[in-house]
Amino acid sequence: MKAWQVHELGAPAEVLRWDEVPDPRPGPGEVLVRIEAVALNFPDVLLCAGLYQERPPLPFTPGLEIAGTVVEAGEGAGFAEGDRVLGGPPLPRGGLAELAVLPAGGAWRVPDDMPAADAAALLITYQTAYVGLHRRAGLRPGETLLVHAGAGGVGSAAIQVGLASGAHVIATAGGPDKVQVCRDLGAHEALDYRAEPDVAKRVRELTGGRGADVIWDPVGGDVFDASRKCVAFEGRLVVVGFAGGRIAEVPAGHVLVKNYSVVGLHWGLYRTAKPAVVAEAHEALLRMYAEGAIRPLVSERLPLSAAPDALTRLATRRTVGKVVLLPAGASA
Ligand SMILES: NC(=O)c1ccc[n+]([C@@H]2O[C@H](COP(=O)([O-])OP(=O)(O)OC[C@H]3O[C@@H](n4cnc5c(N)ncnc54)[C@H](OP(=O)(O)O)[C@@H]3O)[C@@H](O)[C@H]2O)c1
């Protein structure tokens with residue numbers, strides 16, 4: 001089969017190579033999946049550069065969330081040929097390829113009426129939003145949720161999951177087009193945090209001085225620093241990622257004086273540490289999808305061959321929502 005492989009670390013466009021590699025085979029308890037859609041994530045960029053928390057041995061194939069059809073089920077896998085599944089192929093053999101092997105415990109059934117592109121986007125992005133907002137931050141109906149980078153992958157998912165959970169959602173994004181994306185997703189208010197001189201002040205004004213109960217921060221750096229100035233009494237500031245490049249410091253004195261929590265989120269760990277949480281989130285997300293409460297913002301469907309260019313644009317803030325790649329012959 002063909003697969004994108006990283007042989008040395010660096011920017012995606014410089015290090016991804018379109019290689020012919022042996023077809024993978026499923027072992028006991030595994031399934032071989034013909035990939036119909038692979039959704040891109042910022043961590044794919046970090047993986048290529050060797051900056052992600054997981055550093056697979058070279059050469060490796062990035063691609064963290066896929067959807068497709070089982071073409072072979074290993075002994076005891078509990079799946080059959082033809083089953084539609086989504087999952088995250090364990091590295092070093094990720095999903096920027098034509099075939100992938102999933103452990104049966106990490107393969108989730110996909111309803112017949114869900115397009116593969118939506119299914120692929122439903123794993124990391126929406127699981128992160130659901131587990132982060134519900135389990136880690138304890139978001140309650142009626143609370144104010146501030147979502148930074150709301151037009152991005154985990155940002156757009158957090159807006160939707162927040163709205164579906166009854167929150168009042170304020171979003172931020174860089175530039176008027178992305179602000180409009182947040183509004184189109186249903187955010188009650190949306191701010192351009194590049195143009196707004198003092199985002200924290202605006203958030204306090206919009207909340208009658210209280211601040212936001214839950215703050216979703218996939219950017220870090222200055223965005224995190226601003227968030228500390230507009231988090232409500234007993235608020236929860238969720239550290240999701242550092243797309244901006246700087247990891248901010250948490251001054252413990254400020255956390256005490258203002259009576260808020262800084263909540264870390266590493267969704268991937270739940271897959272091994274607490275798989276029941278992932279299973280429960282998957283069921284909840286399928287329910288929300290069936291009710292129409294969430295719909296992945298798949299902004300681009302491109303051939304798998306477009307991976308280097310698509311990842312370059314994702315790394316440089318030139319994508320919105322989810323970019324999904326389709327191997328030749330797949331329609332999603
Ligand atoms: N904690 C977890 O378990 C978990 C799971 C998945 C992803 N993440 C993390 O969440 C973050 C977002 O991932 P994603 O897949 O949603 O990425 P994405 O779709 O590219 O969204 C990231 C957004 O961050 C904003 N941003 C601000 N400064 C940036 C910069 N210097 N370079 C690039 N983007 C910048 C951009 O929005 P604006 O242009 O509007 O500012 C961009 O759209 C990443 O740090 C990722 O590692 C964490």
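The two atoms that bring K178 and A173 nearest to each other are CB-CB, 3.7 Å, heavy atoms only. The two atoms that bring A107 and L102 nearest to each other are CB-CD1, 4.0 Å, heavy atoms only. Scanning all heavy atoms of the two residues, the minimum distance from P57 to P92 falls at O-CB, 4.1 Å.
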Under 3.5 Å, sequence neighbours excluded: what are the donor-acceptor pairs made by side chains of residues 259-270?
unit_1: Y260; atom_1: OH; unit_2: H254; atom_2: ND1; d: 2.8
unit_1: H266; atom_1: NE2; unit_2: Q53; atom_2: NE2; d: 3.1
unit_1: W267; atom_1: NE1; unit_2: Q127; atom_2: OE1; d: 3.0

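Counting only distance, with no hydrogens or angles, the side chain of E30 and the backbone of A73 share no donor-acceptor pair below 3.5 Å. Judged purely by atom type and a 3.5 angstrom limit, R236 uses its side chain to pair as donor or acceptor with the backbone of E234. The backbone N or O of V320 sits less than 3.5 Å from a side-chain atom of S299, completing a donor-acceptor pair. R228 contributes no side-chain N or O that, together with a main-chain N or O of P251, makes up a donor-acceptor pair within less than 3.5 Å. In this structure, the side chain of D217 does not engage the main chain of V239 through any donor-acceptor pair within 3.5 Å.
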- Message: For a side chain to side chain contact (heavy atoms under 4.5 Å, CB included) check, start with the C-alpha distance between I159 and C182, then their side-chain angles and the critical distance, and finish with the verdict.
- Response: CA-CA 8 Å; I159 290 177; C182 297; 4.1 Å; yes

- Take L146 and C230, measure what side chain to side chain contact (heavy atoms under 4.5 Å, CB included) needs, and give me the verdict at the end. CA-CA 9 Å; L146 173 62; C230 61; 3.9 Å; yes

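When the shell of 6.0 Å around CD of E249 is examined, it contains 12 or fewer heavy atoms from other residues, nucleotides or ligands. Other residues, nucleotides and ligands contribute over 12 non-hydrogen atoms within 6.0 Å of the CD atom of E205.
Residue M288 is grouped with residue V131 when hydrophobic side chains (ILVMFWY) are merged at heavy-atom distances under 4.5 angstrom, including chains of intermediate members. Both L91 and L311 are members of a single hydrophobic cluster when ILVMFWY side chains are connected at heavy-atom separations under 4.5 Å. V101 is not connected to F79 by any chain of hydrophobic side-chain contacts under 4.5 Å among Ile, Leu, Val, Met, Phe, Trp and Tyr, and they are in different clusters. Note on I35: it clusters hydrophobically with L123, by side-chain heavy-atom contacts below 4.5 Å among ILVMFWY residues. Under the 4.5 Å side-chain contact rule for hydrophobic residues, Y193 and W216 do not share a cluster.
Qualifying side chain to side chain contact (heavy atoms under 4.5 Å, CB included) partners for L58, counting only residues two or more places apart in sequence or in other chains: V6, L9, F60. Remark: T272 engages no residue in a side chain to side chain donor-acceptor pair (under 3.5 Å) (not counting sequence neighbours). The side chain to side chain contact (heavy atoms under 4.5 Å, CB included) search around A67 returns L86, A116, A119, A120, not counting sequence neighbours. Scored by the salt bridge (charged side-chain N to carboxylate O under 4.0 Å, His left out) test, D222 finds R246 as partners (sequence neighbours excluded).
Put simply, the side chain of K229 reaches to within 4.5 Å of the side chain of R204, judged on heavy atoms. In this structure, H134 and E280 have side chains that are not in contact, with every pair of non-hydrogen atoms separated by 4.5 Å or more.
E300 and T319 are not linked by any side-chain donor-acceptor pair at a separation below 3.5 angstrom, with hydrogens and angles left out of the test. Between the side chains of H148 and T172, at least one donor N or O lies within less than 3.5 Å of an accepting N or O.
Grouping Ile, Leu, Val, Met, Phe, Trp and Tyr residues whose side-chain heavy atoms lie under 4.5 Å apart, directly or via other members, places L256 in a hydrophobic cluster with V257.
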